[in-house]
Amino acid sequence: MTSRNPGDTQHSGVTRRTVLGTGAGVAAATILPLQPDAQAQQLPAPIETGTTIRVSMSVNGQAVSLDIDSRASLLDLLRERLGFTGTKKGCDHGQCGACTIHLDGRPVVSCLTLAAKASGREVTTIEGLASGETLHPMQTAFIDHDALQCGYCTPGQIMSAVACVHQGQATNRDSIREFMSGNICRCGAYAGIVAAIEDVAANSREG
Amino acid sequence: MRPISYTRAGTLEAAVKAFTAAGADARYLAGGTTLYDLMKLGVERPAHLIDLTGIAGLNIIETDGDVLRFGALALMGDVAYTPAVHEGYPVLSESLLKAASQQLRNMATVGGNLLQRTRCMYFRNGAGSTSTVGVYPCNRRQPGSGCAAIGGLDRGHAVLGASDACTAVSPGDWPVALMAMDATIELFGPGGARSIPIAEFYRLPSDTPHLQFNVDPAELITAITVPKTPGRASTYHKIRDRESFAFALASAAVAVEMDGATVRTARIALGGVATVPWRAQPAEDMVRGKTLTPELALEAGRAAFRGARPGQHNAFKMDLGARVIADALMIAAERRS
Ligand SMILES: Cc1cc2nc3c(=O)[nH]c(=O)nc-3n(C[C@H](O)[C@H](O)[C@H](O)COP(=O)(O)OP(=O)(O)OC[C@H]3O[C@@H](n4cnc5c(N)ncnc54)[C@H](O)[C@@H]3O)c2cc1C
Ligand code: FES
Ligand code: FES
């Protein structure tokens with residue numbers, strides 16, 4: 001756990017996002033060229049002092065209550081303040097699914113969820129799926145089917161995969177692929193991911 | 001990001017009161033999937049957020065009355081899977097299910113969706129994304145600064161409804177379906193309640209592209225209603241750079257009423273190709289009263305793009321858009337019972 005202020009992480013110098021360009025449309029792979037007039041380049045905005053608010057929520061079954069910067073995302077709150085670093089930050093703009101968690105039982109992207117909005121609600125992260133030493137069936141299936149390579153997207157994939165089976169959308173490969181399209185895998189482990197979900201759905205191992 | 005005050009409003013009246021008290025730097029917040037995203041990019045810089053999601057009853061979905069009625073805070077995913085919508089109005093359901101991802105549809109509201117902002121990357125190039133590229137001009141983000149998309153990277157941009165000040169595409173899918181279905185938007189503001197047809201909701205960019213909606217900033221969307229005209233013979237056909245989770249290159253919302261193979265009426269709206277959700281009247285006129293064939297459908301598609309003005313890299317949208325209309329007409333007609 002660190003005492004870093006989650007609201008402060010937005011403008012800390014060069015980030016993956018600034019290197020990538022602008023976080024443009026999901027399908028717009030084009031990257032803006034360098035602005036010819038170098039003078040137009042601005043320095044990152046200074047870190048401003050935030051307004052603090054108190055939130056209370058349940059995270060993986062445990063009640064938490066703390067003061068947070070009102071600008072913080074639920075993702076930064078989970079990672080930087082509560083130490084649940086299983087949830088990953090890929091794009092920070094809703095485009096990759098690495099930060100997928102369950103809010104009141106439904107998958108959402110925690111990077112675009114204002115932490116203040118989660119007050120009074122139930123959050124489940126990848127750390128909350130296993131019961132003690134026993135992995136969730138979907139976690140086991142991901143291992144069995146080699147559904148990962150680097151593993152960065154995996155926590156988000158598993159949170160969506162669990163919902164895919166729960167919501168009855170794992171009836172065939174097309175439906176699985178459509179449901180899972182909000183989770184991008186840079187390593188291209190898609191074949192294993194679909195197989196893992198099919199396996200859990202078919203063997204009605206509780207999704 | 002600026003420091004923000006965060007307030008959860010319990011009633012419509014309280015929300016409007018909080019908004020007017022806070023002044024120009026206030027924004028209503030629903031799912032946040034547009035607003036919070038743009039705050040991170042430094043495109044939106046509000047000082048006060050008034051969260052609407054605690055207002056009771058604003059997320060109702062009613063399908064039993066004279067009209068379909070969707071509370072502004074109903075989630076995209078919930079509306080799409082409502083049985084009467086899913087089975088009775090494929091055009092509405094498909095426009096939602098082909099938008100964003102399942103996670104985002106669990107957050108985003110059908111009211112907020114109407115007010116989403118363009119995905120033009122010059123527009124999204126706000127102060128929060130400057131470190132390597134600098135800030136490009138954009139009349140929509142910064143009135144009077146110019147438009148970098150004109151003569152720039154405009155593959156995703158509009159061929160219909162553009163002006164010399166802005167060619168950014170209206171990105172939403174649901175508003176296109178609502179345009180074809182003649183929906184009405186219900187509003188509540190300091191001056192009380194009113195409603196306007198969706199055809200009057202969006203503004204062409206002309207020389208004021210920063211003004212996108214004919215809504216007062218202090219006004220809330222409370223509901224969307226859709227007349228119960230026959231909806232089964234309808235579709236939302238969307239072509240993207242990839243199969244799923246992408247904005248439209250071209251899309252068409254089509255609902256037809258048929259007498260056998262003859263078209264009695266066709267309602268057609270376009271997405272991905274215009275600066276506002278675009279009703280394609282010339283295409284509708286071309287098929288009315290005629291026997292629908294693939295050839296006629298394509299002719300109708302072409303009629304919708306007469307007068308289109310392509311930029312440098314987006315002329316393909318005229319042919320693609322015409323074919324999307326043609327295919328959508330055939331799919332919709334196929335669904336007549
Ligand atoms: C990665 C990604 C992919 C996406 N793909 C698609 C896609 O393919 N197709 C598509 O159509 N959309 C897509 N979207 C956009 C998404 O559908 C919209 O962001 C969403 O519908 C907005 O709803 P919201 O409730 O989150 O709005 P918010 O972000 O909360 O609000 C949006 C705007 O509306 C205002 N507002 C919200 N509710 C009200 C109200 N009731 N009254 C008055 N003002 C209000 C807010 O002040 C704000 O200005 C995508 C978004 C992301 C992040
Ligand atoms: S970090 Fe990419 S969707 Fe949240
Ligand atoms: S396993 Fe590497 S990104 Fe998916």
Side-chain angles (χ1 to χ4, degrees), chain A residues 7 10-11 13-15 17-19 21-30 32-35 37-45 48-51 53 69-71 73 92-95 97 100 103 106-109 112-114 116-117 160 163-164 167 169 177-184, chain B residues 1-6 8 29 31-37 39-42 49 51 53 75 77 97 100-108 118-136 148 152-153 155-156 169 171 240-249:
Chain A
Q10 311 295 354
H11 288 133
V14 177
T15 63
R17 178 107 319 264
T18 52
V19 170
T22 65
V26 173
T30 341
L32 292 177
L34 282 174
Q35 179 66 302
D37 174 11
Q39 294 306 103
Q41 191 159 323
Q42 287 185 4
L43 291 172
E48 297 146 312
T49 321
T51 310
I53 53 167
D69 187 307
S70 55
R71 298 166 290 181
S73 68
D92 212 22
H93 287 277
Q95 300 175 4
T100 304
L103 191 57
R106 295 171 76 157
V108 298
V109 286
L112 288 189
T113 304
L114 197 67
K117 276 172 118 7
S160 285
C164 182
Q167 295 175 23
Q169 299 291 331
R177 292 171 71 89
E178 174 56 38
F179 190 92
M180 295 297 292
S181 66
N183 290 82
I184 311 291
Chain B
M1 215 185 283
R2 276 168 92 178
I4 46 168
S5 75
Y6 171 86
R8 248 186 237 194
L29 178 71
T33 61
T34 286
L35 183 55
Y36 193 35
D37 186 30
M39 284 165 64
K40 291 183 179 196
L41 293 170
L49 293 183
D51 192 342
T53 50
L75 298 175
L97 292 176
S101 63
Q102 51 91 15
Q103 298 99 309
L104 289 160
R105 296 192 295 267
N106 284 338
M107 308 165 68
T118 183
R119 305 295 290 196
C120 170
M121 58 189 166
Y122 298 106
F123 172 78
R124 288 173 63 81
N125 176 225
S129 58
T130 55
S131 309
T132 57
V133 294
V135 177
Y136 278 81
L153 298 175
R155 177 175 178 271
V169 148
R240 303 166 254 193
D241 272 325
R242 59 186 183 202
E243 181 67 23
S244 180
F245 194 26
F247 287 90
L249 287 173

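Chain letters run A, B, ... following the sequence lines, proteins first and then strands; every chain starts at 1.
- Of all heavy-atom pairs spanning A:D92 and B:K40, the tightest one is OD1-NZ, 2.9 Å.
- Between the side chain of A:R177 and the backbone N or O of B:S244, no donor-acceptor pair lies under 3.5 Å.
- Listed options A:K117, A:Q167, A:E178 were ranked by heavy-atom pairs under 4.5 angstrom with chain B; first place goes to A:K117.
- Atom CG of B:N106 sits about 9.5 Å away from atom CG of A:L103, to the nearest 0.5 Å.
- In this structure, CD on B:Q102 lies 9.5 Å from CZ on A:R106, to the nearest 0.5 angstrom.
- Heavy-atom distances place the side chain of B:L49, and not its backbone, under 4.5 Å from chain A.
- Using a distance-only test at 3.5 Å, with no hydrogens or angles considered, no donor-acceptor pair links the side chain of B:Y6 to the main chain of A:T51.
- Within the model, atoms CD1 of B:I4 and CG of A:D69 stand 7.5 Å from one another, a figure rounded to the nearest 0.5 Å.
- In this structure, chain A has no heavy atom under 4.5 Å from any part of B:T118.
- Only the side chain of A:I184 comes within less than 4.5 Å of a heavy atom in chain B; its backbone stays farther off.
- Closest heavy-atom contact between B:T33 and A:L112: O-CD1, 3.8 Å.
- Of all heavy-atom pairs between B:Q103 and A:S160, the closest is NE2-OG, 3.4 Å.
- Among B:R8, B:E243, B:R105, the residue with the largest count of heavy-atom pairs under 4.5 Å with chain A is B:R8.
- Contact annotation for A:L114: both backbone and side-chain heavy atoms come within less than 4.5 Å of a heavy atom of chain B.
- To the nearest 0.5 Å, atoms CZ (B:R2) and OG (A:S70) are separated by 12.0 Å.
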Evaluate B:L41 against A:H93 for side-chain contact (heavy atoms from CB on, under 4.5 Å), listing each step before the verdict. CA-CA 9 Å; B:L41 293 170; A:H93 287 277; 3.5 Å; yes

